[in-house]
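In the text below, chain A, chain B and the rest are named by the order of the sequence lines, each starting its count at 1.
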2 protein chains.
Amino acid sequence: MHSSEQIPHPVIRRLPKYLVHVQELREEGVEWASSQEIADALGLTSSTVRQDLSHMELRGISKKGYETSQLEAVLRQVLGADIMHHVVIIGAGHLGRALAEHGAFARRGFEICGLFDRDEDLIGKMYGNAEVMSIDDLATQVGKVKIDIGIIAVPSSAAQQVAEMLVDAGVKAILNLAYKHIQVPSHVTVVDARIMESLQELAYALGKKKEVSRG
Amino acid sequence: MHSSEQIPHPVIRRLPKYLVHVQELREEGVEWASSQEIADALGLTSSTVRQDLSHMELRGISKKGYETSQLEAVLRQVLGADIMHHVVIIGAGHLGRALAEHGAFARRGFEICGLFDRDEDLIGKMYGNAEVMSIDDLATQVGKVKIDIGIIAVPSSAAQQVAEMLVDAGVKAILNLAYKHIQVPSHVTVVDARIMESLQELAYALGKKKEVSRG
DNA sequence: ATGGTATTGATAATTTTTTGACAAAACCTT
DNA sequence: AAGGTTTTGTCAAAAAATTATCAATACCAT
């Protein structure tokens, strides 16, 4: 049941939420957290929480729950939050710049190793600790340092092309912020994080609310 | 089966993806799209696509598929992409500013009506079409224009407090970008869009890949 | 020490989501 | 105009995810 078993995708998406909450509890000096406490805090059921945590290398204790420091450590380990990941950002527009300047990544194990753009006027400018480089130099830069993750922060019309450049450069994990689905070989993992889609989901919910209140 | 029926959540999350793709096809002059074509483009099965589209007010035609212009119109209507939504952004840090300056929102039906921050030094500055206002003025500003959506772009430590301010101001839909779960009354819809969580998901995938390649 | 009790871990049941299968529809070619 | 063929819409099956249940555990108060 433990370790090299395949953890279901919905569980993996919840693990970061557990980590944030447990970390907070631990920092507040809380030593134990029950599945019920965690469930209430995150809007889940205690059953789901126990089910999820059963995939981890960890035992809870009856009447007390899970030890926060241990749970945090296990979650960090499973999520690879203890090792530093090397990240490049493609696209030095508003969003790419905001990410480069956002300090929280380094603290959580993601080091921005490069910021690339096509626009000659941007090349050489500094954002955060990153200097904008030409997209043409992507391959050589990626060759210098082993890059784990590429973030696509370009307009949707260029997303597929950038994805292919990243794949060609050997990047195995891509975070796609562009409002477009990208096609990659099966050995590359893509996670989408699109603010526009989330807004559209909210817009749908708003429409439904109106419908219900009318009907 | 149609109209006021409840559309499953996984379907709703896919609708924006359909919309982007179909819009692109239509702009390219493609008049018909089969479920198989759409599935291939988005990494789904044709069965899923047909099942999903069966929730819409639309019929495909045997041997041709779905008419792109009609499909686009129906998706836009369901997602409320045709009506303008009023949005406020709380937090004028890197991310909040990037969103305010990002031109694509207005084009897709989301008008940024306010950008708020606690920092006195930022108040009065312009980003995009939005002037930074004091968070203390949120309630009065929201009173002037009906605000549909609030975007939380503050540090996680302030997220819950901001969520409550938005709820008190009468906002019914919240996009939470902070790396923290927020608690709101049940009549308020929250959608999370956290880049950090997506990165952690990728980090997990990278770890798994290493394990497999070793084992 | 002992008993009552809260909480886990595991299993089972339920619900939800995805996929498969195929008759019906309607297009296109001849 | 007729037949072959592709693709839909629907229903059924399978797979996946969530929730409920409960015996076992071990804490804590007396």
Can you tell which of [options] lies closest to the side chain of [X]?
| X | options | value |
| --- | --- | --- |
| B:Thr48 | C:dT19, D:dC27, D:dT5 | C:dT19 |
| A:Lys63 | D:dG9, D:dA26, D:dT7 | D:dA26 |
| A:Ser34 | D:dC28, C:dT8, D:dT7 | C:dT8 |
| A:Gln51 | C:dT8, C:dA12, D:dG4 | C:dA12 |
| B:Lys64 | C:dC27, C:dG9, D:dT19 | C:dC27 |
| A:Pro10 | C:dT17, D:dA17, C:dA10 | D:dA17 |

**OP:** Check B:Arg59, B:Glu31, B:Arg50, B:Glu37 against B:Tyr66 for a side-chain contact (heavy atoms from CB on, under 4.5 Å) and give me the one that passes.
**Re:** B:Arg50
Would you kindly give the [atom1]-to-[atom2] distance between [X] and [N], to the nearest whole Å?
| X | N | atom1 | atom2 | value |
| --- | --- | --- | --- | --- |
| A:Leu53 | C:dG9 | CG | C1' | 11 Å |
| B:Asp52 | C:dT16 | CG | C1' | 13 Å |
| A:Met56 | C:dA10 | CE | C1' | 17 Å |
| A:Arg13 | D:dA17 | CZ | C1' | 11 Å |

Look at all strands and tell whether [X] reaches a base, only sugar-phosphate, or nothing, counting heavy atoms closer than 4.0 Å.
| X | answer |
| --- | --- |
| A:Ile61 | sugar-phosphate |
| B:Ser46 | nothing |
| B:Ser47 | base |
| B:Gln36 | nothing |

[X] side-chain N/O to [N] phosphate OP1/OP2 under 4.0 Å:
| X | N | result |
| --- | --- | --- |
| A:Ser54 | C:dG9 | no |
| B:Thr45 | C:dT19 | yes |
| A:Arg50 | C:dG9 | no |
| A:Arg14 | D:dT18 | yes |
| B:Ser62 | C:dC27 | no |

Original post:
Looking only at heavy atoms, which two atoms of B:Val154 and B:Ala178 are closest? And how far apart?
Top reply: O-CB, 3.6 Å
Original post:
Do the side chains of A:Val88 and A:Gln141 get nearer than 4.5 Å, heavy atoms only?
Top reply: no
Original post:
Does atom NE2 of B:His181 have more than 12 heavy-atom neighbours from other groups under 6.0 Å away?
Top reply: yes
Subject >> Crowding at CG, A:Asp168 (>12 non-hydrogen neighbours, <6.0 Å) >> reply: yes
